[in-house]
Amino acid sequence: MTALALGLDTPGSAAITLSSGGTVLVPLLPGSSVPSGHHRLAASEPRSQLGMGVVLAAGMATDWLAGVLGAQPSELLLAAADARMGPGLIALADLGGTRTPVVESRPQGAFAGLGFQHGREHMMRAMVESVAISLTDALVALESAAGTRAGRLVLSGGGTRFAVWRQAVADASGRTVVRSADLEHPALGAALAAARAEGTAIAFDANARVDGVIEPESDAVARLAEVRARREALVDAALPRTEEDHDQRRRSA
């Protein structure tokens with residue numbers, strides 16, 4: 001229902017939802033594959049499907065960090081938008097483990113590169129950017145498997161109230177993103193589906209329901225590309241590896 005309200009009826013668009021967790025939805029062409037570890041869902045249109053990637057902790061991660069640092073989440077998220085980030089500080093937001101592309105219950109939260117020059121706002125921005133990188137990695141994986149690339153990337157959810165979340169997704173993806181002007185997308189989609197089922201015509205254009213367009217910033221795009229390249233080593237440091245893990249990694253290599 002959320003996908004219907006966001007205009008994901010047919011391939012060509014994709015959506016990222018930012019709430020307690022984070023979700024990526026990509027419409028699939030008939031016969032398209034889904035990368036290993038991601039999900040395939042039925043879409044609202046008959047014989048249509050969606051690919052989905054999930055980050056377990058998005059808003060939950062920033063709420064946790066604010067609590068640990070003795071601040072209100074909204075206060076730190078507002079301050080994080082103006083934090084000047086250098087290349088050193090990176091974070092992992094997987095405090096409760098991961099769901100896609102690997103189901104892993106062991107926590108993987110981490111910070112690396114902290115220095116005297118960093119304050120609470122830098123830590124918050126690093127956490128937000130970590131979530132944005134994970135979500136956009138899932139987006140690219142789903143698109144690559146499906147053989148599509150979204151010409152329209154729309155953001156929804158409570159996290160989009162904050163500029164730092166919106167900009168982080170634009171920078172991590174290197175794409176122009178739009179923020180949906182609607183709020184309760186599941187309810188809106190259900191209403192649209194009900195109207196279709198009983199044959200009631202409703203003038204509704206999701207592409208026109210936009211509350212802001214966010215462009216990626218070139219310096220931040222380059223910086224997050226470096227962060228992305230360093231993340232695997234940080235995961236290795238944060239997650240104790242069993243012999244089974246090492247065997248699986250050797251087989252996949």
Side-chain angles (χ1 to χ4, degrees), residues 1-19 21-56 58 93-94 98-104 128-157 159-160 165-180 185 189 206-207 209-210 212-218 220-229 231-232 235 252:
M1 295 298 95
T2 294
L4 177 60
L6 290 170
L8 306 186
D9 304 74
T10 58
S13 296
I16 289 178
T17 299
L18 300 166
S19 54
T23 304
V24 180
L25 292 171
V26 176
L28 301 176
L29 294 165
S32 294
S33 62
V34 173
S36 175
H38 296 76
H39 304 302
R40 184 191 299 271
L41 308 175
S44 60
E45 294 294 318
R47 295 174 297 281
S48 296
Q49 296 183 328
L50 298 162
M52 183 174 76
V54 177
V55 171
L56 292 175
D94 298 317
T98 58
R99 177 169 164 187
T100 62
V102 176
V103 176
E104 174 56 75
V128 168
E129 290 176 343
S130 173
V131 175
I133 289 172
S134 294
L135 289 169
T136 53
D137 282 351
L139 170 67
V140 171
L142 288 163
E143 289 178 328
S144 297
T148 63
R149 178 179 168 87
R152 174 177 175 268
L153 179 57
V154 58
L155 304 181
S156 68
T160 64
W165 275 114
R166 301 192 298 268
Q167 192 63 54
V169 174
D171 295 339
S173 66
R175 307 185 195 188
T176 300
V177 299
V178 298
R179 180 192 181 200
S180 173
H185 295 92
N207 292 318
R209 303 172 79 86
V210 170
V213 177
I214 305 94
E215 298 290 345
E217 298 176 352
S218 57
V221 170
R223 178 174 59 80
L224 292 187
E226 295 181 10
V227 170
R228 179 179 275 111
R231 278 164 56 89
E232 184 63 25
V235 171
S252 64

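Note that this is a predicted model, so its numbers are computed, not measured. Residue numbers run from 1 in the order of the sequence given.
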> Looking at Leu224 and Ile133, what are the two nearest heavy atoms and their distance?
Replying inline: O-CD1, 4.1 Å
> Sub-3.5 Å donor-acceptor pair from the side chain of Arg152 to the main-chain atoms of Val177, do we have one?
Replying inline: no
>> Could you check whether any side-chain heavy atom of Val24 comes within less than 4.5 Å of a side-chain heavy atom of Leu142, counting everything from C-beta outward?
In response: yes
>> Are Val131 and Leu135 packed together at the side-chain level, in the sense that at least one heavy-atom pair is separated by less than 4.5 angstrom?
In response: yes
> Sub-3.5 Å donor-acceptor pair from the side chain of Asp171 to the main-chain atoms of Glu217, do we have one?
Replying inline: yes
> Charged N to carboxylate O below 4.0 Å: is that the case for Arg223 and Glu129?
Replying inline: yes
Please list every donor-acceptor pair under 3.5 Å in which a side-chain atom of residues 25-36 meets a protein atom from a residue at least two apart or in another chain.
residue, atom, partner, partner atom, Å
Ser32, OG, Leu29, N, 3.2
Ser32, OG, Leu29, O, 2.8
Ser33, OG, Ala145, O, 3.0

>> side chain to side chain contact (heavy atoms under 4.5 Å, CB included) for His39 and Arg99? Distances and angles first, verdict last.
In response: CA-CA 10 Å; His39 304 302; Arg99 177 169 164 187; 3.2 Å; yes
> Looking only at heavy atoms, what is the nearest atom pair of Ala150 and Ser13, with distance?
Replying inline: CB-C, 3.7 Å
> Got a sec, which residues hit side-chain hydrogen bond (donor to acceptor under 3.5 Å, both in side chains) with Glu215, two or more places apart in sequence or on another chain?
Replying inline: Thr176
>> Give me the atom names and distance for the closest heavy-atom approach of Leu50 to Ala43.
In response: CG-CB, 3.9 Å
>> Strictly distance-based, threshold 3.5 Å: is any side-chain N or O of Gln167 a donor or acceptor partner for the main-chain N or O of Ile214?
In response: no
> Between Thr136 and Arg175, is any side-chain donor less than 3.5 angstrom from a side-chain acceptor?
Replying inline: no
> Mind checking whether Leu139 and Asp137 have side chains closer than 4.5 Å, heavy atoms only?
Replying inline: no
> Taking the side chain as C-beta and beyond, is there a heavy-atom pair between Arg40 and Met52 under 4.5 Å?
Replying inline: no
>> Under the criterion side chain to side chain contact (heavy atoms under 4.5 Å, CB included), I'd like the reasoning laid out for Ile16 against Leu18: C-alpha separation, chi angles, the key distance, then a yes or no.
In response: CA-CA 7 Å; Ile16 289 178; Leu18 300 166; 4.1 Å; yes
>> Could you report the tightest heavy-atom contact between Ala170 and Pro216, atom names first, then the distance?
In response: O-CB, 3.3 Å
>> Is it the case that the side chain of Arg179 and the backbone of Leu155 share a donor-acceptor pair, with hydrogens and angles ignored and the cut-off at 3.5 Å?
In response: no
>> Within the 3.5 Å criterion, strictly below it, is a donor on His185 or Ser180 matched to an acceptor on the partner's side chain?
In response: yes
> What is the minimum heavy-atom distance between Arg228 and Ala172, and which atoms define it?
Replying inline: NH2-O, 3.2 Å
> Is a side-chain donor or acceptor of Ser134 paired with a backbone partner of Ser130 at a separation under 3.5 angstrom?
Replying inline: yes
>> Under a 3.5 Å cutoff, is there a donor and acceptor pairing between the side chains of Ser156 and Thr17?
In response: yes
>> Show the nearest heavy-atom pair for residues Leu4 and Ser44, with the distance to one decimal.
In response: CD1-OG, 3.6 Å
